[in-house]
Amino acid sequence: MAQRHVSSADAAELIARLRAIVGQRHVLVRESATRPFRQGFRFGGGPCLAVVRPGTLVEQWRVLQACVAADRIVIFQAANTGLTGGSTPDGADYDREVVIVSTLRIDGVQVIVGGRQVICLPGATLYGLERALKPYGREPHSVIGSSCIGASVLGGVCNNSGGALVRRGPAYTELALFARRTDEGRLELVNHLGVQLGNDPEEILERLQRGDYRPEDLEPAGARRASDDGYMDHVRQVDAATPARFNADPTRLRDAAGSAGKVAVFAVRLDTFEPEAATQVFYVGSNDPGELGRLRRHMLQSFAALPIAAEYIHRDAFDLAAAYGKDMFLAIRHLGTDRLPALFRWKARVDDLVQRLPGRPSGVSDRLMQAIGRLFPAHLPPRMVEFRRRYAHHLILRMGGEGIAEARGYFASAFPSASGEVFECTAEEGEAAFLHRFVAAGAAIRYRTLQAAEVEDIVALDIALRRNDEKWFEVLPPEIDRAILRKMYYGHFFCHVFHQDYIVRKGEDPLALEHAMWALLDQRGAEYPAEHNVGHLYPAKPALAAHYRGLDPCNQFNPGIGQTSKHRRWA
């Protein structure tokens, strides 16, 4: 069903009202201006009536009121860095027009309880949160990965994003301030933030943005969970026949957590963490996946101190990341994460300008960055390159505190083996190893852009294997393997969460291949998606779909998520 007809006068009236709320320059309607907001980072896209960029929480509330009164769909978006299209429209078959509300202008991090907790507003990024916590000697839930490209804090909570840190689990909180439409259609503001701010919605929002509250207005830390504080024990249960973490886990769906845009989130309250004073990276190579599986099982069961991070990368992913992620590796190492958002804005502007040219050459910014990367000498440490030559499977372990001595003792007794070896990284090697693993996530996209003549598309899966699964490394049937040009396997090894990117040969059917993959994963007892959420790429499983319906009975916020109904009241 196409979007229902709406008179131009009706649409113009709403746009005029939105401009009166946020200012004319913050309501975007031209196709070229809305394109960066309408198109997903990796997947998805569709038309919209307008993109609105409120600058305060009160403006966000008033925009929401206007859109609800005008019976328009609302899609909330922060950094638009998701990989499954969950913060953009999906096609043109909605029964109402779509308004995208971009929240990045409402940036703000309020450090509370002596740095042990924070309150984050909708535009707060992971990088900004890291920066705000540094004076307190604290860390946020996630310090590796998406923070480098400006991902938002609220986006992580709304999608139960996992992250790479073994001890912290998925992003989760039971403390949030959000708006929802009731079953009767009434728009209400729900304060579960654990902060006394009054009763009137605009008063609550104004006071929160100003930080106008006293310590005694705060619910004590620990009264309700502001992180997945039981995950460390959960992940140690290596004999459990269920995954450690996945997006449809009912135990991690509450209010904003796992909401995927089905409520309008104004703030979340989160725990922070004390970093390890001393850390050491160990680099393990092996040709036997079973050997790495036994290592994981032993350390989870026997070590007093779990690794801070345990990242896996296969040789093939190593090679693609080395060739197609070199420029990003160099940018992060030499420019720093604080300059990356500006780099990505420049990249988007270049691509937007090129889109207007006759013939519309594709991937200009990617081709330029790839060419610049080739001008630099080899960027990976020699010992890593030598391990790539000798071993197919690579595990990067960051240990801290007493865990360093535990790891040294264990590795001294276990390696070298018939199949593998380990070396203790210098500080530079350790940084390079984790950075190389990070840039692998974008290598398949770059390959698709530059090798378009031989690539049909990418099938990108993130999966959670059972904690007791010993045969963790995938071996595909020949009839499926023939359709794949290149494969990339990498992930968070101790959580048994893997990212599996399949670059599909030209002429093959990516959708049919993806469905065949799902069938294989079902046979293995895996859950998917593990941490990127369903977006518009995966069907929401029953518990997750029920969560969405409970949050948004009118189906006005981000309808169609998880391939659910795009129509009013889930028709």
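None of these values were measured; they are calculated from a predicted model.
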Criterion salt bridge (Lys or Arg N to Asp or Glu O under 4.0 Å) on R448 and D366, from CA distance to verdict: CA-CA 11 Å; R448 177 181 62 184; D366 282 294; over 6 Å; no

Test side-chain contact (heavy atoms from CB on, under 4.5 Å) applied to W61 and L187, step by step: CA-CA 10 Å; W61 171 253; L187 184 66; 4.0 Å; yes

Do [X] and [Y] come close enough that some side-chain heavy atom pair is under 4.5 Å?
{"X": "I21", "Y": "H26", "result": "no"}
{"X": "L57", "Y": "P122", "result": "yes"}
{"X": "D217", "Y": "L197", "result": "no"}
{"X": "F266", "Y": "I204", "result": "no"}
{"X": "H192", "Y": "R224", "result": "yes"}
{"X": "N555", "Y": "Y548", "result": "no"}
{"X": "I332", "Y": "F438", "result": "yes"}
{"X": "V29", "Y": "I15", "result": "yes"}

Hey, what do you get for [atom1] ([X]) to [atom2] ([Y]), rounding to the nearest 0.5 Å?
{"X": "T173", "Y": "R254", "atom1": "OG1", "atom2": "CZ", "answer": "9.5 Å"}
{"X": "H436", "Y": "F434", "atom1": "NE2", "atom2": "CZ", "answer": "13.0 Å"}
{"X": "L208", "Y": "E203", "atom1": "CG", "atom2": "CD", "answer": "12.0 Å"}
{"X": "E174", "Y": "R225", "atom1": "CD", "atom2": "CZ", "answer": "5.5 Å"}
{"X": "D95", "Y": "I73", "atom1": "CG", "atom2": "CD1", "answer": "5.5 Å"}
{"X": "E188", "Y": "F178", "atom1": "CD", "atom2": "CZ", "answer": "8.0 Å"}

Could you tell me whether the side chain of [X] and the main chain of [Y] form a donor-acceptor pair under 3.5 Å?
{"X": "S102", "Y": "R53", "answer": "no"}
{"X": "D462", "Y": "P529", "answer": "no"}
{"X": "T34", "Y": "L28", "answer": "no"}
{"X": "N159", "Y": "S161", "answer": "no"}
{"X": "T103", "Y": "I106", "answer": "no"}
{"X": "D552", "Y": "F557", "answer": "yes"}
{"X": "D71", "Y": "R96", "answer": "no"}
{"X": "T84", "Y": "N533", "answer": "yes"}
{"X": "H547", "Y": "P250", "answer": "no"}
{"X": "R180", "Y": "G550", "answer": "yes"}

No-hydrogen, no-angle side-chain donor-acceptor test under 3.5 Å, Y528 and Q500: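 Short answer, no.
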
E311 side chain to H492 side chain, donor-acceptor N/O pair below 3.5 angstrom: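 Side-chain D/A pair, E311 to H492: present.
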
N-O pairing of [X] and [Y] below 4.0 Å:
{"X": "D271", "Y": "R168", "value": "no"}
{"X": "D228", "Y": "R245", "value": "no"}
{"X": "D249", "Y": "K541", "value": "no"}

Ring-face cation of K262 near F76 (centre distance under 6.0 Å, axis angle within 45°):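 Pair K262/F76 does not count as cation-pi.
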
Nearest non-hydrogen partners of [X] and [Y], listed with the distance:
{"X": "L154", "Y": "L121", "result": "CD1-O, 3.5 Å"}
{"X": "Q60", "Y": "V265", "result": "NE2-O, 3.5 Å"}
{"X": "W570", "Y": "P553", "result": "CD1-O, 3.4 Å"}
{"X": "I75", "Y": "S87", "result": "CG2-O, 3.6 Å"}
{"X": "A460", "Y": "D501", "result": "CB-OD1, 3.5 Å"}
{"X": "V109", "Y": "C120", "result": "CG2-SG, 4.4 Å"}

Evaluation steps, salt bridge (Lys or Arg N to Asp or Glu O under 4.0 Å), between R186 and E184: CA-CA 6 Å; R186 181 170 52 88; E184 298 78 24; 5.2 Å; no

Intermediate values then yes/no, side-chain contact (heavy atoms from CB on, under 4.5 Å), V118 and R138: CA-CA 11 Å; V118 290; R138 306 286 291 185; over 6 Å; no

Would you find more than 12 non-hydrogen atoms of other residues, nucleotides or ligands less than 6.0 Å from [X] atom [atom1]?
{"X": "E274", "atom1": "CD", "result": "no"}
{"X": "R167", "atom1": "CZ", "result": "yes"}
{"X": "Q196", "atom1": "CD", "result": "no"}

Test log, rule side-chain contact (heavy atoms from CB on, under 4.5 Å), inputs N160 and L253: CA-CA 8 Å; N160 284 143; L253 302 176; 3.6 Å; yes

Sequence-distant partners of F246, ring pair (Phe, Tyr, Trp, His ring centres under 6.0 Å), two or more places apart: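 Per chain and number, F246 pairs via ring pair (Phe, Tyr, Trp, His ring centres under 6.0 Å) with no residue.
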
Ring centroid separation Y172 to H141 under 6.0 Å: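 No, the ring of Y172 stays outside the 6.0 Å limit from the ring of H141, centre to centre.
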
Residues in salt bridge (charged side-chain N to carboxylate O under 4.0 Å, His left out) contact with R38, at least two apart in sequence or another chain: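 With sequence neighbours excluded, R38 shows a salt bridge (charged side-chain N to carboxylate O under 4.0 Å, His left out) to no residue whatsoever.
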
Parallel, tilted or perpendicular: ring planes of H532 versus H499, cut at 30 and 60 degrees: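 Parallel.
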
Stepwise side-chain contact (heavy atoms from CB on, under 4.5 Å) check, M328 with R446: CA-CA 11 Å; M328 186 55 59; R446 175 67 60 78; 5.6 Å; no

